[in-house]
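I have placed the structure first, in the form of structure tokens, so that the comments after it can refer back to it.
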Amino acid sequence: MSNKSSFDRWIFDSYSPTLEGLALYRIFTALFFLFFLLPDFSFYSVLANYPDDFFAPPPGPMALFDSFPPELFLQTIHIILMLSWAAVLIGLKTKIASITAGLTMLVLLGFLFSLGKINHELMLVIVPVVMAFSNWGGAYSVDQYTGRDELKAEGWPLTMLALIIGFMMFTAGFPKILGGWLDFSTQASQGHLLNQFYVRERQELLSVFAVRLDSAILWELLDWATVLFEVLFLVAVIKSSWTRLFVCFAVLFHFSTMMTMNIAFLPNFAAYAAFINWDWVYKKLTGISEKIRSENFVILYANVLIVIFFSLWILGNRGFLLSEIEPNFYEFIFLSAAVIIVLLIGFREIRNWYSYRRIKNV
Amino acid sequence: MKPNTIRKIFIALIIFLPVQYGIVGIVSHFQSEPWPAFVFPGFKNVFVFDDLFVLNQVYFEIEGEEVEPVRIRPRHMFYDMPVSKINGFMRKVFPDQDHINNFDSSTTNWLYQRASEVTQQDVELLNIVRVREFTRLQDGELKTDSSHVDQTIELRRLAYE
């Protein structure tokens, strides 16, 4: 019998990733960042040309500066960021590259948020820094072939990521309780929707339909569901199965927010993807044929992702079907794909539960 | 990393997260939200007042020599800025008249030039107008019940005074 405390079991045993599964997640995340999550390179020249009076840093380290730095400085940081993610992709000095990717993103976001608006995209920093310690560069990587020591897959960074997401979700839910979201006389979700639609002109997808939906009961239910989901996420980090359930809720939440308020919040999906059972994906992928070496499957997987991401990136930035601003085509596709995955998982779980009940009854 | 070190990191994080949230709350109250911080947006407002929905509109009001004053939204004025940043930018950079009065003349000139570029006319006067609209949904349409100008900020072109 294990003599570990429950605290230790929570930290070390909640997740048991494999190096192979982590490698698939690493490749996915690196490409996801390189194609979709890096800041717009052209915006640095815009920023550098704005008057200094537009420099409005938030309290914190950025307040040490007087104005936006020169364009060349931001571009250099951006290039280091790109190179870091490229190194993570191929697994070259993965730990250092992951931490560098996080820190350079932190610097860039600091300046981008010095226009008076914080976009709460800290997951772009947290994901690479925390996952650096999972040894996600331990397989299918340059490190694997050049490293002296064999690396072991670590599960505790996933527990830490879950804790941070859970806490940050709580910070989204708690002010809503104080602000009156649970008051039956206010339909806050509807109020936000109307402001997004009429003030910010976010009028894509199902927003027109949602604006016309005048049911106080439905909107109040959404208010409660939002607050409960955000606050209880922190409780859900106690168990990995609960965390995964709440990640599924998060996907549905972001999808509905995108469809109605046109806010996709793609950066969070890099973090949510960490909770996919990548080991299961790896086994399915390499189980297709025993004749093909697993390395070749992983190379194929990376190339397929590159083709898909590149196509989506082109279409999204050319304003295919939707505007090239938020939400654009690739955001719509990613969130829709995530919802389909969640529904399939849900369907499988219900089917398993039903089969279990039947066997039990027999 | 040794298990004991990891355990200590977790304990430190469990203590740090609520403490930093408390600091975020205090700093936000007196200044604005600090960064970096482990927080997601709260969207505390309910935008409801006495059974009416409140819309907080912000416009640039532009007056030319030969044309009627026109109102344009900040997202059209700052077409090169991500939409998600505009509201916060307007709040923080153009909060009140006192703040605007301290603008450098190059900033005011930049704004006049941008307004001129966007409206394709010579701009004589540039104001920022904050309007609070009280609305209600009726038969699927949003009807304005009442509205009032909350704040008008005059952007004076200092170089020409």
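We name chains A, B, ... by the order of the sequence lines, and we start the count at 1 in each one. Scope of the values below: all heavy atoms of this structure, side chains included, with no hydrogens, waters or symmetry mates.
Taking non-hydrogen atoms and a 4.5 Å limit, the residue list of residues 33-42 of chain B in contact with chain A, ordered by number, reads B:Glu33, B:Pro34, B:Trp35, B:Pro36, B:Ala37, B:Phe38, B:Val39, B:Phe40, B:Pro41, B:Gly42. Below 4.5 Å, heavy atoms of chain A meet heavy atoms from B:Glu141, B:Leu142, all part of residues 141-150 of chain B.
Only the side chain of B:Leu111 comes within less than 4.5 Å of a heavy atom in chain A; its backbone stays farther off.
Panel note: side chain B:Arg75, backbone A:Glu201; a donor-acceptor pair is recorded below 3.5 Å. Checking side-chain atoms of A:Asp214 against main-chain N and O of B:Asp139 turns up no donor-acceptor pair under 3.5 Å. Judged purely by atom type and a 3.5 angstrom limit, A:Trp181 uses its side chain to pair as donor or acceptor with the backbone of B:Phe43.
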Chi angles and distances behind the side chain to side chain contact (heavy atoms under 4.5 Å, CB included) call for B:Phe47, A:Gln190: CA-CA 9 Å; B:Phe47 296 113; A:Gln190 194 179 14; over 6 Å; no
From CA spacing to verdict: side chain to side chain contact (heavy atoms under 4.5 Å, CB included), A:Arg202, B:Ser84: CA-CA 10 Å; A:Arg202 286 176 154 151; B:Ser84 62; 4.0 Å; yes
Pair A:Leu194-B:Leu55, side chain to side chain contact (heavy atoms under 4.5 Å, CB included): steps then yes or no: CA-CA 8 Å; A:Leu194 295 174; B:Leu55 302 185; 4.1 Å; yes
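With contacts defined as side-chain heavy-atom distances shorter than 4.5 Å, the pair B:Trp110/A:Asn49 does not qualify.
B:Phe89 and A:Tyr50 have parallel rings, their planes meeting at less than 30° on a 0 to 90° scale where 60° marks the start of perpendicular.
Interatomic distance, CG of A:Leu115 versus CE of B:Met81, reported as 4.5 Å (0.5 Å rounding).
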